[in-house]
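So the structure is just underneath, and the comments pick up after that.
The first residue of the sequence shown is numbered 1, and numbering continues consecutively from there. As the structure lists them, so they are numbered: ligands from 1, and atoms in each ligand from 1.
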Amino acid sequence: MKCTILIGYMCVGKTTIGRELAKQTGRMFYDLDWYIEERFRKKIPLIFEEEGEERFRDMERRMLHEVAEFEDIVLSCGGGTPCFFDNMEYMNSVAHTFYLRATAETLQTHIRMSRGRRPLLEGKSPEELDQFIKQQLVERSLFYEQAQHIIDVDVLSNEEKVEAIVAKIRKGE
Ligand code: S3P
């Protein structure tokens with residue numbers, strides 16, 4: 001079976017949902033950010049800091065090609081992965097792709113609550129952060145919406161919601 005790839009904005013829940021989907025279907029789960037960190041032995045924020053975003057995007061593209069051709073896996077990508085090079089087209093050609101879509105308001109709330117370090121979101125005031133998310137979501141949606149399936153995921157905090165989303169993905173696979 002082709003690989004299943006989950007895409008969507010930062011903090012939408014790609015990892016939580018991907019892990020659950022893999023568990024329910026007995027597949028291996030991969031997170032592209034973790035894969036990059038393992039392969040290059042460096043955390044993402046440090047890659048951004050020391051090598052810059054452009055080099056990160058290049059590494060991300062190469063690692064995407066390495067992982068996406070594995071069979072029988074679930075892969076969750078970084079929020080920016082679909083928006084660089086021909087990554088979206090490539091993913092559609094080798095995998096089943098699912099866009100986990102949430103509103104800017106939901107993402108703003110999740111991002112405010114999240115503790116992980118995300119280089120693109122650092123150093124912004126709450127107002128700047130809200131504005132940045134809203135704007136970037138508009139730009140990125142053009143790429144995200146090229147996925148083969150779109151799943152709306154507005155509230156992620158409880159297990160039942162995760163189950164319901166996983167069920168929808170399984171129907172689409
Ligand atoms: C990014 C999202 C991050 C990570 C990097 C850049 C982005 O992944 O790849 O910080 O451009 O949206 P998550 O979506 O898993 O946070």
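- With ligand atoms numbered from 1 in the order given, ligand 1 contributes 7 (C), 11 (O) to contacts under 4.0 Å with heavy atoms of Leu120.
- For Glu53, no heavy-atom contact with ligand 1 is shorter than 4.0 Å.
- In this structure, Gln136 has no heavy atom closer than 4.0 Å to ligand 1.
- Under the 4.0 angstrom criterion for non-hydrogen atoms, Tyr9 is not in contact with ligand 1.
- Interface atoms of ligand 1 facing Phe56, defined by a heavy-atom separation under 4.0 Å, are 9 (O).
- What sits closest to atom 12 (O) of ligand 1 on the protein, heavy atoms only, is Arg140 NH1, 2.7 Å.
- Side-chain contact check for Met91 versus Pro82: some heavy-atom pair is nearer than 4.5 Å.
- Selection from Val12, Ile36, Leu32, Asp33 by nearest heavy atom to atom 15 (O) of ligand 1 gives Asp33.
- Of all the atoms in ligand 1, the ones that sit under 4.0 Å from a non-hydrogen atom of Gly78 are 8 (O), 9 (O), 14 (O).
- Using cut-offs of 30° and 60° on the angle between ring planes, the pair Phe56 and Phe48 is tilted.
- Between Leu129 and Ser125 there is no side-chain heavy-atom pair separated by less than 4.5 Å.
- Applying the salt bridge (Lys or Arg N to Asp or Glu O under 4.0 Å) test between Glu51 and each of Arg57, Lys43, Lys42 identifies Lys42 as the sole match.
- Counting heavy atoms of neighbouring residues, nucleotides and ligands inside a 6.0 Å radius, atom CD of Gln24 exceeds 12 of them.
- Taking every non-hydrogen atom of Pro119 and a distance limit under 4.0 Å, the qualifying atoms of ligand 1 come out as 10 (O).
- Ring to ring, Tyr99 and His149 are not that close: their centroids are 6.0 angstrom or more apart.
- Closest heavy-atom approach to atom 11 (O) of ligand 1 within the set Arg57, Glu37, Lys14: this belongs to Arg57.
- In the vicinity of Arg118, heavy-atom distances shorter than 4.0 Å reach the ligand 1 atoms 16 (O).
- The protein heavy-atom contact nearest to atom 7 (C) of ligand 1 is Gly80 N, 3.3 Å.
- Between Phe132 and Leu121, the closest side-chain pair of non-hydrogen atoms falls below 4.5 Å.
- Ligand-side atoms of ligand 1 in range of Gly79: 2 (C), 7 (C), 8 (O), 12 (O), 13 (P), 14 (O), range being under 4.0 angstrom from any heavy atom.
- Heavy atoms of other residues, nucleotides or ligands lying less than 6.0 angstrom from CD of Glu54 number 12 at most.
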